[in-house]
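Here the structure is a predicted model, which is why all the values come from computation and not from measurement. So you know, we letter chains A, B, ... as the sequences are listed, proteins then strands, and number each from 1.
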Amino acid sequence: MERPLSPFMFPTWYRFQITSALSILHRLTGIALAVGSILLVWWLISVAAGGEVFATTHALLASPFGIVLLCGWSIAFFYHLCNGVRHLAWDAGYGFEIRSAARSGYAVLAGTVLLTAMTWLYVFLA
Amino acid sequence: MTKATSLSDTTALRDEVVPRQVRQFGSARDGLREWRLQRLTAIALIPLSLYFAASILSIATLDRKTAADWLSSPVPALLVILVVLAGIMHALIGVRSVVLDYVHTRARLLAAELLFRAVAVILAGGAVLAVLKLFLGR
């Protein structure tokens, strides 16, 4: 059965909309967080193992590459969290109108930027 | 006295026409359970993940002993186990639904399914073991 595949639809047939862009971002950040959970579990294991394992893990996370990784992860986390709350509100039947969906979308973006900035300010100042 | 067919009449008519048996890949049959589990874990993860993120912010930058001490007290140990389990369940459902949208062959779907479940079980087991080891004293 020939079905249209959504990724092919986006650049050609769809006009850019905040709602669909954020929907795709929700999936992408979800996948990123799923991959990141491997690192999270690894970190827990390294704390339990201690010694060399923890030292290596800690060095990797504290390296510039690790900081970039953690930075990306924190953005993905806060975005997925904020947009997840938006999704839960939709599931409960609120905010379905196009205008409010767009408005809550911008609120999600603002929340993401704010929470990420606050987090990293805390890290570098504390 | 001709009354225009109401919406419910059309629906009733349509029920006769729409086949009861789903064709092709059909439904997965446990969609609702999964849908609810996805939302339940999402709600649980709001406080749990925020707690974890906030704790780790002040701990991850520090040495191993601080992190180990944190995980050896009961409340953090329990909450970390819960956040990992809820997170992995949530991630597994999410990743599977993405795969279901973009992978259209039975063999590949099955392969992805087995891989994701295996990874999820290994991650969950590893995390729980790690926390338990710290909690019960090394």
Side-chain angles (χ1 to χ4, degrees), chain A residues 1-3 5-8 24 26-55 57-58 61-62 66-67 70 73-74 77-78 80-85 87-88 90-92 115-116 118-124 126, chain B residues 23-25 35-36 38-39 42-43 45-46 49-50 52-54 56-72 80-81 83-84 87-88 90-99 101-102 104 116 119-120 122-135 138:
Chain A
M1 188 143 79
E2 287 290 319
R3 291 181 179 140
L5 299 173
S6 45
F8 302 151
I24 288 172
H26 194 68
R27 282 206 147 177
L28 287 180
T29 52
I31 293 168
L33 289 170
V35 175
S37 72
I38 298 173
L39 184 73
L40 169 76
V41 171
W42 181 254
W43 181 80
L44 285 174
I45 291 172
S46 81
V47 174
E52 196 126 313
V53 183
F54 182 80
T57 310
H58 194 80
L61 288 177
I67 298 288
L70 288 173
W73 201 21
S74 65
F77 169 67
F78 285 125
H80 203 83
L81 180 73
C82 293
N83 204 46
V85 172
H87 267 280
L88 286 173
W90 285 336
D91 290 338
L115 287 168
T116 311
M118 273 166 60
T119 302
W120 287 93
L121 269 179
Y122 177 83
V123 169
F124 286 119
Chain B
R23 285 190 297 251
Q24 298 289 333
F25 286 127
W35 189 91
R36 285 168 69 184
Q38 180 81 315
R39 269 73 191 169
I43 294 167
L45 278 168
I46 297 172
S49 64
L50 280 175
F52 186 76
I56 222 141
L57 261 190
S58 42
I59 284 160
T61 45
L62 301 173
D63 57 333
R64 177 187 172 261
K65 200 185 167 300
T66 322
D69 285 348
W70 176 60
L71 286 170
S72 61
V80 169
I81 287 177
V83 75
V84 168
I88 286 174
H90 189 81
L92 182 61
I93 298 174
V95 168
R96 283 179 68 214
S97 74
V98 172
V99 166
D101 279 352
Y102 297 119
H104 299 291
F116 290 152
V119 171
I122 290 168
L123 287 180
V128 170
L129 266 183
V131 176
L132 278 185
K133 179 174 183 269
L134 291 164
F135 176 60
R138 17 263 93 150

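Side-chain atoms of Asp91(A) and Trp35(B), non-hydrogen and from C-beta on, do get closer than 4.5 Å to each other. For the pair Leu44(A) and Leu71(B), the minimum side-chain heavy-atom distance is below 4.5 Å.
If you measure heavy-atom distances from His87(A) to chain B, you find no contacts under 4.5 Å at all. Heavy-atom distances place no part of Leu132(B) under 4.5 Å from chain A, backbone and side chain included. Heavy atoms of Val98(B) lying under 4.5 Å from chain A belong to its backbone as well as its side chain. Proximity to chain B (any heavy atom under 4.5 Å) is restricted, for Leu88(A), to the side chain, taken from C-beta onward.
When all heavy atoms of Ile45(A) and Ala130(B) are compared, the closest pair comes out as CA-CB, 3.7 Å. Across all their heavy atoms, Leu57(B) and Tyr122(A) have their closest contact at CD1-CD2, 3.9 Å. Nearest heavy-atom pair across Val95(B) and Ala34(A) is CG2-CB, 3.8 Å. Leu81(A) and Leu50(B) get closest at one heavy-atom pair: CD2-CD2, 3.8 Å.
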Problem set entry | Ile56(B) and Trp43(A): CA distance, side-chain angles, deciding distance, side chain to side chain contact (heavy atoms under 4.5 Å, CB included) verdict | CA-CA 11 Å; Ile56(B) 222 141; Trp43(A) 181 80; 3.6 Å; yes
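No other option in Ala53(B), Ala124(B), Gly126(B), Gly87(B) has as many heavy-atom pairs under 4.5 Å with chain A as Gly126(B). Contact tally against chain B (heavy-atom pairs below 4.5 Å) for Ile31(A), Leu40(A), Leu33(A): the top residue is Leu40(A). If you tally non-hydrogen atom pairs under 4.5 Å between each of Gly50(A), Ala55(A), Ser46(A) and chain B, the highest count goes to Gly50(A).
In the displayed structure, Trp73(A) atom CH2 is contacted under 6.0 Å by more than 12 heavy atoms of other residues, nucleotides or ligands.
When the side chain to side chain donor-acceptor pair (under 3.5 Å) test is applied to Ser74(A), the partners found at least two apart in sequence or on another chain are Trp120(A).
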